[in-house]
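Written out below as structure tokens is the structure these notes cover.
Predicted model, so just to flag it, every value in this text is computed and none were measured.
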Amino acid sequence: MELKRTSLVLLVLCAAILTSTEGGIPNCCVKLSKNIPKHLLLQVSRYEIQTRYGACDMDAVIIHLKGKILCAHPKLKDLLRKIDQIKKAKKNGHKSKQGN
């Protein structure tokens with residue numbers, strides 16, 4: 001009887017862990033890339049912010065490139081936001097010129 005109870009508790013704990021990490025084990029950055037060339041930063045398709053307050057142990061910016069993921073220092077977040085703003089401004093400026 002004790003074995004059944006222990007098994008049930010373990011099963012519930014495993015289910016809780018899996019559901020709390022969005023259906024699986026989280027992919028966390030454990031090492032940060034020190035030097036990311038600017039031409040790669042211009043090719044970023046998207047980025048995410050990893051915080052040490054969630055399932056992961058360190059703050060990082062997860063950079064998604066075509067077929068590649070890089071982990072960078074959180075300070076790069078501001079630069080990536082500026083790059084996004086510039087890209088959006090160019091895209092919107094290009095659209096408004098087409099409409100004229």
Side-chain angles (χ1 to χ4, degrees):
M1 185 68 179
E2 184 64 32
L3 181 60
K4 286 183 180 181
R5 189 176 307 164
T6 304
S7 297
L8 181 61
V9 169
L10 285 174
L11 181 64
V12 169
L13 286 174
C14 288
I17 290 170
L18 291 176
T19 57
S20 68
T21 57
E22 297 178 8
I25 298 171
N27 291 327
C28 296
C29 293
V30 294
K31 185 179 177 185
L32 302 178
S33 297
K34 292 183 181 181
N35 296 319
I36 301 175
K38 289 182 183 179
H39 73 275
L40 285 181
L41 292 176
L42 294 172
Q43 297 174 15
V44 171
S45 58
R46 67 184 178 97
Y47 62 92
E48 304 169 46
I49 307 301
Q50 170 184 302
T51 65
R52 65 178 171 254
Y53 303 110
C56 304
D57 291 335
M58 66 187 311
D59 292 335
V61 176
I62 304 169
I63 298 172
H64 295 264
L65 300 165
K66 293 179 185 175
K68 191 182 241 186
I69 296 175
L70 299 174
C71 296
H73 193 280
K75 288 182 181 180
L76 268 182
K77 176 177 57 175
D78 294 333
L79 179 59
L80 289 169
R81 283 186 181 149
K82 286 180 184 178
I83 291 171
D84 270 351
Q85 289 174 350
I86 291 168
K87 285 181 180 179
K88 286 178 184 175
K90 284 184 179 180
K91 187 176 181 180
N92 290 338
H94 183 66
K95 283 184 179 178
S96 66
K97 287 180 183 177
Q98 287 179 346
N100 290 336

Any chance you could lay out the side-chain contact (heavy atoms from CB on, under 4.5 Å) test for L40 and I63, step after step, and finish with the verdict?
CA-CA 10 Å; L40 285 181; I63 298 172; over 6 Å; no
Distance, nearest 0.5 Å, that separates [atom1] of [X] from [atom2] of [Y]:
| X | Y | atom1 | atom2 | result |
| --- | --- | --- | --- | --- |
| M58 | T51 | CE | OG1 | 12.0 Å |
| K82 | Q85 | NZ | CD | 8.5 Å |
| L32 | K75 | CG | NZ | 11.5 Å |

Do L65 and I36 sit in the same hydrophobic cluster, where Ile, Leu, Val, Met, Phe, Trp and Tyr count as joined when their side-chain heavy atoms come under 4.5 Å apart?
yes
Can you hop from L42 to L79 via hydrophobic side chains spaced under 4.5 Å?
yes
Any chance you could lay out the side-chain contact (heavy atoms from CB on, under 4.5 Å) test for V44 and L80, step after step, and finish with the verdict?
CA-CA 8 Å; V44 171; L80 289 169; 4.0 Å; yes
Any side-chain to backbone donor/acceptor pair from K66 onto S45? Under 3.5 Å, distance only.
no
Using side chain to side chain contact (heavy atoms under 4.5 Å, CB included) as the criterion, point out the one residue from D84, I62, L76 that pairs with Y47.
D84
So I69 and H64, do their side chains get closer than 4.5 Å, heavy atoms only?
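Touching, per the 4.5 Å side-chain cut-off.
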Between C29 and C56, is the SG-SG gap under 2.5 Å?
no
